[in-house]
Structure formats: structure tokens, C-alpha cells
Amino acid sequence: MSTTSQAISAAAAGTITLGDLKVNRLGYGAMRITGKGIWGPPADHAAAIATLRRAVELGVNFIDTADSYGPYVSEELIAAALAPYPNGVVIATKGGWERVGPGQWIHNASPKHLEEAVEGSLKRLRLDRIAVYQLHIPDPAVSFDASMETLARLREAGKIQHVALSNVTLEHLERARKIVPIVSVQNRYSFADREWDYLLDHCEKNGIAFVPWAPLGQNRQAHDVLGRAAKELNATPLQVALAWLLQRSKAVLPIPGTSSVSHVEENIAAAGLKLPDRIFKELSAVQAPHAVLR
């Protein structure tokens, strides 16, 4: 699938709503613009800035980040590249982790930490209000309800427009919805990693956006299937994986990430890729073992 032979736009994926916000249904994940181990500044600062700007030029108006990416680096780069933000561009960020080194993540979703995290994100992103703020992950040492009540208070105070969740179960989602409206859920999901199928279906039924991360299958069988489909469609494996996500459900809002202008162009080209039913079914039939992260 050539990225030069046809117009490329995230708008080709259609739109999705998050509360009262409407965005194109192919976003950009800003984790990979930081240094190795999601730590420190990028190896190429100019390339990171150019990638962010190119994504927006190509119709991306939903950018996902977190204060823990760097830490702080991703948010700072987004503001440097895009602030003041073009009309309609939605920046979603997250809090609930602390960082002590490359590849190291420590839970902290305490009320005090979340309050400080929101204030920090507002300053770094140069915003008066964060459009979508996500609890990055439930903290096993902190009451989940206390975390959500904190975000609800910050929403009432006008610091957050909409509250969202990441790395959660159905139980977490329903507990959170009793405290504050939830506009999206961000969990690991791909054509070959279907552990959260039931949660995606639940989000679809309840008008909640589902934001998948890790869109590529992480096993040999999955990559073989992707490779064959990509060759047949003259596309890249990631384009095929993204196209599958877009066809899986209208509730899905993929956020592929990269630190390269050429790769962001390739990724956004997937917005216009329609998978034949045969290939969609072949990808859907891949059943990889559930990912084990410990």
C-alpha cells in the first residue's frame, strides 16, 4: 500500500466520540518519542518534533501520552511541537506511575500523587484543562475508589474535561462509572491478543471508546499471518494489523506510535486500508497464548 500514490489522512478511518469530543479514529501514541527504555530525551529531538507535527498534518487529532513517558519528556515534546494546539486536537495523558530509571515503573495512584500529576501535566502540556485524563493503571496499594474519586474532584474543579482508564478489568470499569463518567478504556489488544475481547464488546455497547496498545501480534504464527496478508495487499504488517483493529469495532481508536516521519505516514495510511473479508477472518482466527508480563 503506497503512502505516496494516494492522499493519506487519519480522517479515512472515520470518527469516534469521547464524551462531547469528536476525533478521527486513528490516533498517535507518543511513548516512543522518548529515549531508550522510555527514559530521557529522544536520540533525535528534531525528528520527534517533526513526527508530531506530521501526524497532525495528516489528520491525527487524538494524541495519547503520559507523564511517565520520559518521565515528562513526551508531554514536553508535544507542547514544544504543537502548542498552541490547532482547533480540534485532543491531548490525552495519564498518571499513576512513577519512574526511577530506564524500563522501571513504580505504582503510585494515591490521591496526593494524582493531584500533583495533573498539575504537572497541565504545566508541561501548556493547557488550562486536560481533555482526557486516564488513570494509567490501578495501584494495588491504593483504594481504586480513592483514585477515581480524586480524578472526579479534579474534573469538577475544571482541571480535567473527561476521565478515562488504562490497563483495567471490567470490574474496574464498572466501579469507576459509579463514581465518574468514563469516556475510554486503553488496554493491550491486537488481532492476535484477544484477552480483552469481552471488555471491548462491553465498551462498544456502552458508548465507551476502546484504545488498544501493542497492535502487533507478539508470536511467530501471528507475524507469519500478517506477513502473508501484507504481501497480498501491498501493505506493511503494521498497516494490516491496524486495519484489522479498525474493522473489529467502531469503538476502537488505535494509537500507533513511532519516532519517524516516514513511519507515521505509513501508519496513518492504514486508515484507508480495507481488509477483504477472507483476510479479516484469517487474522481474527489467530489464537495466541495470553501475554504474561511477569
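Source: prediction; values computed, not measured.
Taking the charged nitrogens against the carboxylate oxygens, Arg278 and Glu232 do have a contact shorter than 4.0 Å, which makes a salt bridge. Arg53 has no carboxylate O lying under 4.0 Å from a charged side-chain N of Glu57, or vice versa, which leaves the two without a salt bridge. A salt bridge between Arg188 and Glu195 is present, with a side-chain N of the basic residue lying under 4.0 Å from a carboxylate O of the acidic one.
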Apply the test side-chain contact (heavy atoms from CB on, under 4.5 Å) to residues Lys94 and Tyr69: give CA-CA distance (whole Å), side-chain angles for both, the deciding distance (0.1 Å), then the verdict. CA-CA 10 Å; Lys94 314 180 199 71; Tyr69 297 164; 3.1 Å; yes
Go through Lys178 and Glu174 one step at a time and tell me if the salt bridge (Lys or Arg N to Asp or Glu O under 4.0 Å) criterion holds. CA-CA 7 Å; Lys178 293 177 180 178; Glu174 288 308 298; over 6 Å; no
Take Glu282 and Arg228 through the salt bridge (Lys or Arg N to Asp or Glu O under 4.0 Å) test and state the conclusion after the steps. CA-CA 11 Å; Glu282 183 179 3; Arg228 291 195 300 271; 3.2 Å; yes
Between Arg124 and Thr93, is a side-chain contact (heavy atoms from CB on, under 4.5 Å) present by the stated rule, with each step listed? CA-CA 11 Å; Arg124 286 185 294 274; Thr93 193; over 6 Å; no
Let me see the working for His113 and Glu98 under side-chain contact (heavy atoms from CB on, under 4.5 Å), right down to the final yes or no. CA-CA 9 Å; His113 176 78; Glu98 289 184 299; 3.5 Å; yes
Under the side-chain contact (heavy atoms from CB on, under 4.5 Å) rule, what do Leu165 and Met148 come out as? Steps first, then yes or no, please. CA-CA 9 Å; Leu165 298 171; Met148 297 313 303; 3.7 Å; yes
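Of all the heavy atoms in Ala230 and Val240, the pair that sits closest is CA-CG2, 3.7 Å. Nearest heavy-atom pair across Tyr28 and Ile33 is OH-CG2, 3.1 Å. When all heavy atoms of Val60 and Ile63 are compared, the closest pair comes out as CG1-CG1, 4.2 Å. Shown here for Arg99 and Gly37, the closest heavy-atom pair between the two residues is NH2-O, 3.0 Å. Pairing each heavy atom of Ala109 with each of Val142, the nearest pair is O-CG1, 3.5 Å. Looking at every heavy atom in both residues, Asn167 comes nearest to Asn187 through N-OD1, 2.9 Å.
Distance check, rounded to the nearest 0.5 Å: OG of Ser74 to CD1 of Ile78 gives 4.0 Å. To the nearest 0.5 Å, atoms CG (Leu246) and CG (Leu275) are separated by 9.0 Å. Annotation: the span from Ile279 atom CD1 to Lys274 atom NZ amounts to 11.5 Å, rounded to 0.5 Å.
Side-chain contact of Asn108 with Ser110: a donor-acceptor pair under 3.5 Å is present, judged by distance alone. No side-chain donor-acceptor contact under 3.5 Å links His136 and Gln186. Side-chain contact of Arg153 with Thr150: a donor-acceptor pair under 3.5 Å is present, judged by distance alone. Side-chain polar atoms of Glu75 and Ser121 form a donor-acceptor pair below 3.5 angstrom. Of the N and O atoms on the side chains of Ser260 and Ser262, at least one donor lies less than 3.5 Å from an acceptor on the other residue. A donor-acceptor pair shorter than 3.5 Å can be found between the side chains of Trp244 and Ser284. For the residue pair Ser249 / Glu204, a side-chain donor-acceptor distance below 3.5 Å is found, with atom types taken as modelled.
In this structure, the ring of Tyr133 has its center no less than 6.0 angstrom from the ring center of His162. Aromatic rings of Tyr189 and Phe210 (six-membered ring for Trp) have centroids within the 6.0 Å cut-off, being under it.
The hydrophobic clustering, which links ILVMFWY residues whose side-chain heavy atoms are closer than 4.5 Å, places Val180 and Ile208 together. Hydrophobic clustering keeps Ile106 apart from Phe144 (ILVMFWY residues linked when any side-chain heavy atoms are closer than 4.5 Å, directly or through intermediates). Hydrophobic clustering places Val90 together with Leu18 (ILVMFWY residues linked when any side-chain heavy atoms are closer than 4.5 Å, directly or through intermediates). Side-chain heavy atoms closer than 4.5 Å link hydrophobic residues (I, L, V, M, F, W, Y) into clusters, and following such links, possibly through other members, connects Ile130 to Leu151. There is no path of hydrophobic side-chain contacts, each under 4.5 Å, that joins Val132 to Leu114.
For Arg175, the CZ atom is densely surrounded, since the number of other residues' heavy atoms within 6.0 Å is greater than 12. Around the CG atom of Asp128, the shell of radius 6.0 Å holds no more than 12 heavy atoms that belong to other residues, nucleotides or ligands.
Remark: the backbone N or O of Ala46 is paired with a side-chain donor or acceptor of Asp44 at under 3.5 angstrom.
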